[in-house]
Amino acid sequence: MEVFTITTIDIVLIILIVLAIAGAVAAAFAAYKKGFASGIEHRKQVAEAQFGSAEAKAKAIVSDAERSAETKKREALLEAKEENQKLRAELDKEIKERRNEISRQERRVNQKEETLDKKTENLERKEQSLNGKLKSLEKKEHEIAEIKQKQTEELERISGMTRDEAKAVLVQEIEMAARHDAAVMVKEIEQEAKETAEKKAKNIVAMSIQKVAADHVAETTVSVVNLPSDEMKGRIIGREGRNIRTLETLTGVDLIIDDTPEAVIVSSFDPIRREVAKLSLEKLIVDGRIHPARIEESVEKSRKEVDSIIKQEGENAAFSTGVHGLHPELIKLLGKLRYRTSYGQNVLNHSVEVAYLAGVMAGELGCDVNLAKRAGLLHDIGKAVDHEVEGSHVTIGADIAKKFRENKDVVHAIMAHHGDVEPQTLIAVLVQAADAISAARPGARRENLETYIKRLQKLEEISNEFEGVEKSFAIQAGREIRIMIKPEVVSDDAMIIVAKDIAKKIESELEYPGQIKVSLIRETRAVDYAK
């Protein structure tokens, strides 16, 4: 192992090296310090230069901004001036137009004023002219009056009669002319009565032989309603006759209130109407409250009751004859026959009788008894609506049977029972024979009543044909036809023309004894409800 020995020379060398290194470091630090100072100065100069440039740029920017703002300001001012000029031009234009409009209105007003002035002048001139004419007319009237007075005095002088005496003569002449016309009318009526005397005499003899005269007509066209006291008659009539008028209007009957004690007579050729009126009157008498509203309610209830009776009668007829499976409408039509007569014979009773006879004969001949009864019961079904539908009861009955799908043999029997078509089946022959047997038995039919009823039905049909007629009722045994007019269709003035037209048509199409009064009724109602 070697051992290093440090000598003095070595120490000196180390010190010299250290000193050299320290000098180098000092020199380097001095050089660094000098370079740092120069860098700072350089940077300062650069910063100052940059600051000066920025300031210049800022000034340039501010200058540019000021120039731009000034430019925009000038532009805004120019736009404002232009807008102001535009608004001023529009305002001037509007003012000009308004001034022109005002000028035109002023001219029109001036023209109207001028026209009014001219009209006023014309009216004044016309008024002056009329005043002059009035004065002239007054003068002429005065002259005419003087002339008439002179003529009257001259006539009185010539005729030797005063004005009152001449008036009395004129009235007497008119009275004589009226008496003459009345005498001519009476003579015409008497002549007509002589022409129909033979026919009437035959009818009277026939009715006398059958012991049927007015009693039979009263029995079939009149119903009597018993009253608890005669005081009830006044309540039925009502104030100024409003109650009896309402009842007659709603039911189409004629109420006869005479000296008969404790009784009111309900007269109508239509049994259904008469039955409705009778039931209504009986209900009102029992209730005691008799006024138009109550009468309407009672009539409506009575109609429903009669409809129920009609249905019950139809069911009873079908049950008693053993005819089942009939359509409900056929049952109703059968029930209506309860209130229908044919030559004085009740049609429902007649139909039941024909059904029995046809059934008995069919049984004897070995035919279908039930079919024969069915055809016999329905053979006159058309008579239930023959006053409502055009055509004979034979055709109507066959159409009804077809409508409700009855057996073709039944339809054929209905068509053939009066010989309208030739009978093709044994059932049709049996029904025809049974109908003849039922009608031919003594006292079964009375031709005069059937003719009477047909005449009344025809009277109503003629009236219903006219426009504006709501419904019509033949009353007073056909001596009066009461017609309800639709107020919105026929006016009061037009009623006179309608009445004359109906009377003329009755005269041309209907044969009747005596005269027929045509009464038109027009009633307007206003109904409201307090809630």
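- Checked by atom type, the side-chain pair Asn243/His291 shows no donor-acceptor distance below 3.5 Å.
- Ion pairing between Glu460 and Arg273 holds under the 4.0 Å rule for side-chain N and carboxylate O.
- Environment of CD in Glu467: sparse, with no more than 12 heavy atoms of neighbouring residues, nucleotides or ligands closer than 6.0 Å.
- Here the closest heavy-atom approach between residue Thr251 and residue Arg303 is recorded as CA-NH2, 4.3 Å.
- Although no hydrogens or angles enter the test, the distance criterion places no donor-acceptor pair under 3.5 Å between the side chain of Asn84 and the main chain of Ala80.
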Yes or no on salt bridge (charged side-chain N to carboxylate O under 4.0 Å, His left out) for Glu507 and Lys504, after CA distance, side-chain angles and deciding distance? CA-CA 5 Å; Glu507 290 174 358; Lys504 288 180 180 179; over 6 Å; no
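- The closest donor-acceptor contact from the side chain of His327 to the backbone of Glu329 lies under 3.5 Å.
- In plain terms, the two heavy atoms of Ser463 and Val469 that are nearest each other are O-CG2, 3.4 Å.
- You'll find the side chain of Ile481 stays beyond 4.5 Å of the side chain of Phe473, heavy atoms only.
- A distance of 10.5 Å separates CG of Leu250 from CD of Glu248, quoted to the nearest 0.5 Å.
- With contacts defined as side-chain heavy-atom distances shorter than 4.5 Å, the pair Lys383/Lys336 does not qualify.
- Ring geometry for His350 versus His379: interplanar angle over 60°, hence perpendicular rather than tilted (30 to 60°).
- Within 6.0 Å of CZ in Arg239 there are 12 or fewer heavy atoms belonging to other residues, nucleotides or ligands.
- Classification of Lys140 and Glu143 as a salt-bridged pair fails, no side-chain N sitting under 4.0 Å from a carboxylate O.
- Atom NZ of Lys135 and atom NZ of Lys139 lie 12.0 Å apart (nearest 0.5 Å).
- Between the Asn100 side chain and the Lys96 main chain, a donor and an acceptor come within less than 3.5 Å of each other.
- One N or O on the side chain of Arg522 and one on the backbone of Pro487 form a donor-acceptor pair closer than 3.5 Å.
- In this structure, Lys301 does not pair ionically with Glu305, as no charged nitrogen and carboxylate oxygen lie closer than 4.0 Å.
- Contact annotation: the side chain of Glu480 approaches that of Ser519 to within less than 4.5 Å [non-hydrogen atoms, C-beta and beyond].
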Could you give me the CA-CA distance, side-chain angles and deciding distance for Ile256 and Val264, then say whether side-chain contact (heavy atoms from CB on, under 4.5 Å) is met? CA-CA 6 Å; Ile256 302 173; Val264 172; over 6 Å; no
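- There is a side-chain donor-acceptor pair under 3.5 Å between Ser392 and Thr395.
- One finds the NZ atom of Lys81 at 11.5 Å from the CZ atom of Arg74 (value rounded to the nearest 0.5 Å).
- Shown here for Glu406 and Leu326, the closest heavy-atom pair between the two residues is OE2-CD2, 3.8 Å.
- In summary, the side chains of Ser351 and Asp380 do not present any donor paired with an acceptor at a separation below 3.5 Å, with no hydrogens or angles considered.
- Side-chain contact annotation: Glu138 with His142, donor-acceptor N/O pair under 3.5 Å absent.
- Leu116 contributes atom CG, which lies 9.0 Å from atom NZ of Lys112 (distance to the nearest 0.5 angstrom).
- The shortest non-hydrogen separation linking Ile400 to Gly382 is CD1-CA, 4.5 Å.
- A salt bridge links Glu101 with Arg104: at least one charged nitrogen is closer than 4.0 Å to a carboxylate oxygen.
- Crowding of Lys471 atom NZ: a count of heavy atoms from other residues, nucleotides or ligands under 6.0 Å exceeding 12.
- The side-chain contact (heavy atoms from CB on, under 4.5 Å) test with Leu247 is passed by exactly one of Val253, Leu255, Ile290: Leu255.
- Judged purely by atom type and a 3.5 angstrom limit, Ser280 uses its side chain to pair as donor or acceptor with the backbone of Val276.
- Expressed to the nearest 0.5 Å, how far CD of Glu282 lies from CD1 of Ile285 amounts to 7.0 Å.
- Around the NZ atom of Lys332, the shell of radius 6.0 Å holds no more than 12 heavy atoms that belong to other residues, nucleotides or ligands.
- Here the closest heavy-atom approach between residue Ile483 and residue Ser472 is recorded as CG1-CB, 4.0 Å.
- Looking at heavy atoms from C-beta onward, Leu87 lies out of side-chain contact with Leu91 at the 4.5 angstrom threshold.
- The closest side-chain heavy-atom distance from Val394 to Met415 is below 4.5 Å.
- Within the 4.5 Å cutoff, the side chain of Asp307 has no heavy atoms near those of the Lys311 side chain.
- The heavy-atom pair separating Lys458 from Leu510 by the smallest distance is CG-CD1, 3.4 Å.
- Shown here is Glu90, whose CD atom has more than 12 heavy atoms of other residues, nucleotides or ligands within 6.0 Å.
- Looking only at distances, a side-chain donor or acceptor of Thr249 sits under 3.5 Å from a matching main-chain atom of Arg245.
- At distances below 3.5 Å, at least one donor-acceptor pair connects side-chain atoms of Asn346 with backbone N or O atoms of Arg338.
- Within the model, atoms CE of Met484 and CD1 of Ile521 stand 4.5 Å from one another, a figure rounded to the nearest 0.5 Å.
- Summarising the local packing, CD1 of Ile496 is surrounded by 12 or fewer heavy atoms from other residues, nucleotides or ligands at distances under 6.0 Å.
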